[in-house]
Visitor: 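My questions all concern the structure below.
Basis for what follows: all heavy atoms, side chains included, without hydrogens, waters or symmetry-related copies. Note that the numbering runs from 1 along the sequence shown for the chain. Source: prediction; values computed, not measured.
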Amino acid sequence: MTPFGEAVRRLRARKGVSQKEMAEALNVSPAYLSALEHGKRGLPTFDLLQRIAGYFNIIWDEAEELFLLARSSDPRVVIDTSGLPPEYTEFANRLARRIRSLDSAEIGRLSALLENGGKGDGKAS
């Protein structure tokens, strides 16, 4: 499941609607909505994102957060390393091969490293 999928599932639970009911209201198939929630489909269109926000009647801040989650939830990530040094390409490929074997603590450490611009974990020494 993607962060976007989790957010949609929470919104559905809050409203007390099934995937089938939501899909019907949005004029999409229940299978598509299920695949979108489970990260088996790419990013939804901006039009669909707006319909989802309208369906749940969410305020602008919450809608913007949902849109940001959608952008960071594409399950088929492509990293373009063309023009970068060879070690960048090697790193991207190693990460792609190992991503499924990383535990949540390792993902957390890597995320912290990225958030801090590669300057360690941000903890005081």
Side-chain angles (χ1 to χ4, degrees):
M1 184 167 290
T2 65
F4 176 73
E6 285 182 1
V8 169
R9 184 169 280 181
R10 281 192 309 273
L11 288 167
R12 278 194 311 100
R14 190 167 78 191
K15 189 170 180 160
V17 296
S18 68
Q19 278 182 346
K20 184 177 179 179
E21 291 168 321
M22 181 179 167
E24 187 175 299
L26 296 176
N27 199 28
V28 299
S29 74
Y32 172 77
L33 188 56
S34 176
L36 191 61
E37 280 190 19
H38 288 92
K40 308 248 186 255
R41 292 297 300 246
L43 299 177
T45 64
F46 183 69
D47 175 63
L48 181 57
L49 287 171
Q50 288 182 312
R51 287 187 286 156
I52 291 170
Y55 177 73
F56 290 114
N57 197 28
I58 55 179
I59 61 172
W60 175 248
D61 289 346
E62 194 175 5
E64 185 162 341
E65 182 181 332
L66 186 68
F67 292 6
L68 289 172
L69 283 175
R71 282 199 301 258
S72 66
S73 292
D74 191 341
R76 293 174 183 92
V77 178
V78 175
I79 301 175
D80 181 2
T81 61
S82 58
L84 295 174
E87 60 268 19
Y88 288 64
T89 301
E90 179 187 7
F91 178 80
N93 280 281
R94 288 176 60 207
L95 180 59
R97 283 191 303 273
R98 293 219 32 232
I99 191 78
R100 291 184 185 273
S101 67
L102 298 175
D103 64 29
S104 60
E106 290 169 315
I107 293 294
R109 286 190 295 275
L110 289 170
S111 293
L113 185 66
L114 291 173
E115 286 297 316
N116 292 309
K119 296 180 176 82
D121 63 3
K123 295 178 184 173
S125 303

Visitor: Looking at residues at least two apart in the chain, or sitting in another chain, which of them share a side chain to side chain donor-acceptor pair (under 3.5 Å) with S104?
Guide: none
Visitor: Who passes side chain to side chain donor-acceptor pair (under 3.5 Å) against E21, sequence neighbours left out?
Guide: S18
Visitor: Can you list the other members of the hydrophobic cluster that holds L84, where links are side-chain heavy atoms under 4.5 angstrom apart?
Guide: Y88
Visitor: Do F46 and W60 share a hydrophobic cluster, counting only Ile, Leu, Val, Met, Phe, Trp and Tyr and linking them when any side-chain heavy atoms are less than 4.5 Å apart?
Guide: no
Visitor: Please name the pair of heavy atoms, one in A92 and one in T81, separated by the smallest distance, quoted to 0.1 Å.
Guide: CB-CG2, 4.1 Å
Visitor: Grouping I, L, V, M, F, W and Y whenever their side-chain heavy atoms are under 4.5 Å apart, do L43 and L26 come out in a common cluster?
Guide: no
Visitor: L110: what forms a side chain to side chain contact (heavy atoms under 4.5 Å, CB included) with it, not counting sequence neighbours?
Guide: L102
Visitor: Which ILVMFWY residues can you reach from I59 by hopping between side chains whose heavy atoms are under 4.5 Å apart?
Guide: none
Visitor: Ignoring hydrogens, what is the shortest heavy-atom contact between G39 and T2? Give both atom names and the distance.
Guide: CA-CG2, 3.5 Å
Visitor: With sequence neighbours excluded, what pairs up with D103 under the side chain to side chain contact (heavy atoms under 4.5 Å, CB included) test?
Guide: A105, E106
Visitor: Looking at every non-hydrogen atom in both residues, tell me the closest pair between Y32 and P44 and how far apart they are.
Guide: OH-CA, 4.0 Å
Visitor: Could you pull out all residues at least two apart from S72 that satisfy side chain to side chain donor-acceptor pair (under 3.5 Å)?
Guide: none
Visitor: Once side chain to side chain contact (heavy atoms under 4.5 Å, CB included) is applied, do any residues pair with E6, and if so which ones, sequence neighbours excluded?
Guide: M1, R10
Visitor: Taking only residues at least two apart or on different chains, which pairs with a member in residues 39-68 satisfy salt bridge (Lys or Arg N to Asp or Glu O under 4.0 Å)?
Guide: R14-E62, D47-R51
Visitor: Using the test side chain to side chain contact (heavy atoms under 4.5 Å, CB included), find all partners of S101 that sit at least two apart in sequence or belong to another chain.
Guide: R98
Visitor: Hey, what else clusters with L68 if you join Ile, Leu, Val, Met, Phe, Trp, Tyr whenever side-chain heavy atoms sit under 4.5 Å?
Guide: none
Visitor: Looking at K15 and M22, would you say the former's side chain and the latter's main chain have a donor-acceptor pair under 3.5 Å?
Guide: no
Visitor: Is there side-chain contact between R12 and F56, with heavy atoms separated by less than 4.5 Å?
Guide: yes
Visitor: Minimum heavy-atom separation for A70 to L49, with atom names?
Guide: CB-CD2, 3.8 Å
Visitor: What pair of heavy atoms forms the shortest contact from A96 to I99, and how long is it?
Guide: O-CG2, 3.7 Å
Visitor: Determine, step by step, whether F91 and I79 satisfy the side-chain contact (heavy atoms from CB on, under 4.5 Å) criterion, reporting the C-alpha distance in whole Å, the side-chain angles of both residues, the deciding distance to 0.1 Å, and the verdict.
Guide: CA-CA 11 Å; F91 178 80; I79 301 175; over 6 Å; no
Visitor: Please determine whether residues L66 and L48 belong to a single hydrophobic cluster, defined as Ile, Leu, Val, Met, Phe, Trp and Tyr linked transitively by side-chain heavy-atom distances below 4.5 Å.
Guide: yes
Visitor: Is there a side-chain contact between L36 and V8, using heavy atoms and a 4.5 Å cut-off?
Guide: no
Visitor: State whether the side chain of S111 and the backbone N or O of I107 hold a donor-acceptor pair below 3.5 Å, judged by distance alone.
Guide: yes
Visitor: Can you list everything that forms a side chain to side chain donor-acceptor pair (under 3.5 Å) with S29? Sequence neighbours excluded, please.
Guide: none
